[in-house]
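Beneath this line is the structure, given in structure tokens, with notes to follow.
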Amino acid sequence: MRKTFEMEIQQLKDELLLMGSMVEQQLLDAVDALKRRDVEASRRIYAADGKINSKRFGIEEQVMILIATQQPMAHDLRLLASILEVSAELERMGDYAKGIATINIRIGDEPLLKPLIDIPRMAQKAADMLHRALTAFINEDVETARAIPAEDDEVDELYKQVYRDLMAFVIADPRTIDRANFLDWTAHNLERFADRVTNICERTVFIVTGEIIEIGSSSSGDV
Amino acid sequence: MNTQTRTLLNTGKAASIMTKPSITQFEHKSNNDAPVKVDVKNLQVFYGKFRALAGVDLAVRENQITAIIGPSGCGKSTLLRSFNRMNDLTAGCRVQGEVSLDGDNLYAAGVDVVDIRRRVGMVFQRPNPFPKSIYDNVAYGPRLYGVRRRTDLQEIVERSLKSAALWDEVKDKLGQSGMSLSGGQQQRLCIARALAVEPEVILMDEPASALDPISTLKIEELMQELKRNYTIVIVTHNMQQAARVSDYTAMMMIDEQRAGRMIEYDQTNIIFTRPKDKRTEDYVTGRFG
């Protein structure tokens, strides 16, 4: 029985990793499409969010089946509960990517207020953090999980930079306010995305130690 | 908005909760303040030269359900049987260390074993009613202890059967043989028989392992009722049962010399979600045993 159970848990982990890759790709694609002003690509990204949602429901169902049939205890129980939690986080993170796709669609024919420099950097950083956080989750690597949230400060700094740049445009010419808002909204989505990486790291610590702790970056919650 | 939320808002409790940095701690069902009812200290039990239990410590709390779990042959039943000196009945059995009930050592010289077994009742794996009527099964203990008056006995029988959640099913056939009942009913009859002598502690050795799921559920629900008035210690192989019914769980294992040892003892909520000992973890997750 234990062998079957372990195999099923492994399948769940694979599914979660796959879901994480989908979310990561969606985020990078969404920012890339915005940068290139490719509205068609954004429409595809928008539609693809449904696949992420289905993945989450599939994982949720499988976790429920395992809880009902295997009555997991201790580490197994913490792992399954955490997979449930992380799949929900990933789904929301997918929504942020979808949000950026929506922004590009809504901007329509207008040109971007400025060329995107820091926003793609934020996306790269956030996607990289997610990738490593999810790997640490699967490998139950507590040390890495505890270290990653501090990197959120970098994303927060970039967000502040983006915000200052955009405000400079708005002060110089208040008619740019809508176009500035679109980009601020994009950066905000990226900042929230990176924040949620911390939640995944907290679950890794929980699986291993049984303690639910808030790790948090030095400026978590600041804008 | 439900009533509870509204009440919280009205009292300003929600606001105070929100300002606290701590993560909500759900109330554990186990009561850490309950006094110790049975205290086991450095208990060793020998069968001839073989040491079955080595240095076991266990503080069983009053009005709580304590489950003893562990792989076969780890000494769970031996430990349980030391709580009312049932081991005395096994030839060659020798006990060292201390088991005290409300502070009195059960193994001290001059202790009345019959009185101990009245105070500490036992229910076994297989229902074992006497080949007597339902009424006589329950009245057996009180009669042994000298209750003679018919009305007293009637009252005890009714009260015990009600406490064992069996009264409604048998009140019209008290004269029938206890053996005529179903397995689950027979087990509740044995519980009623144990309750009839007004024990303080009830020991249950795999009380539901021979029963179907519905009867098992009835026994488990009954245990929750009984714990209000009694201290219960249960030995079970069924991990889910231990997790469902108990407040505290004691995990046992054998050491290299095949002697049973206490590995970990904690609140049930902790044992089954984040045990401290790797061996407990491996056992409750089904890696061995």
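Quick note on labels: first sequence line is chain A, next is B, and so on, each numbered from 1.
Residue Gln124(A) qualifies as open at atom CD: its count of foreign heavy atoms under 6.0 Å is 12 or below. More than 12 heavy atoms of other residues, nucleotides or ligands shown are found within 6.0 angstrom of CE on Met167(A). Heavy-atom neighbours of Phe124(B) CZ from other residues, nucleotides or ligands within 6.0 Å: above the threshold of 12. His131(A) NE2: 12 or fewer foreign heavy atoms inside a 6.0 Å radius.
Remark: Ser209(B) engages Gln125(B) in a side-chain hydrogen bond (donor to acceptor under 3.5 Å, both in side chains) (not counting sequence neighbours).
Within the model, atoms NE2 of His75(A) and OG1 of Thr285(B) stand 9.0 Å from one another, a figure rounded to the nearest 0.5 Å.
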Requested in this report: Would you sort out whether Asp76(A) and Arg287(B) count as a side-chain contact (heavy atoms from CB on, under 4.5 Å), showing the intermediate values?
Outcome: CA-CA 11 Å; Asp76(A) 297 333; Arg287(B) 284 185 173 81; 4.0 Å; yes
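Counting only heavy atoms from C-beta outward, the side chains of Ile271(B) and Met73(A) never approach each other to under 4.5 Å. Taking the side chain as every heavy atom from C-beta outward, Glu211(A) and Arg274(B) approach each other to under 4.5 Å.
Minimum interatomic distance between Arg2(A) and Gly286(B) (heavy atoms only, all atoms of both residues): CD-O, 3.8 Å.
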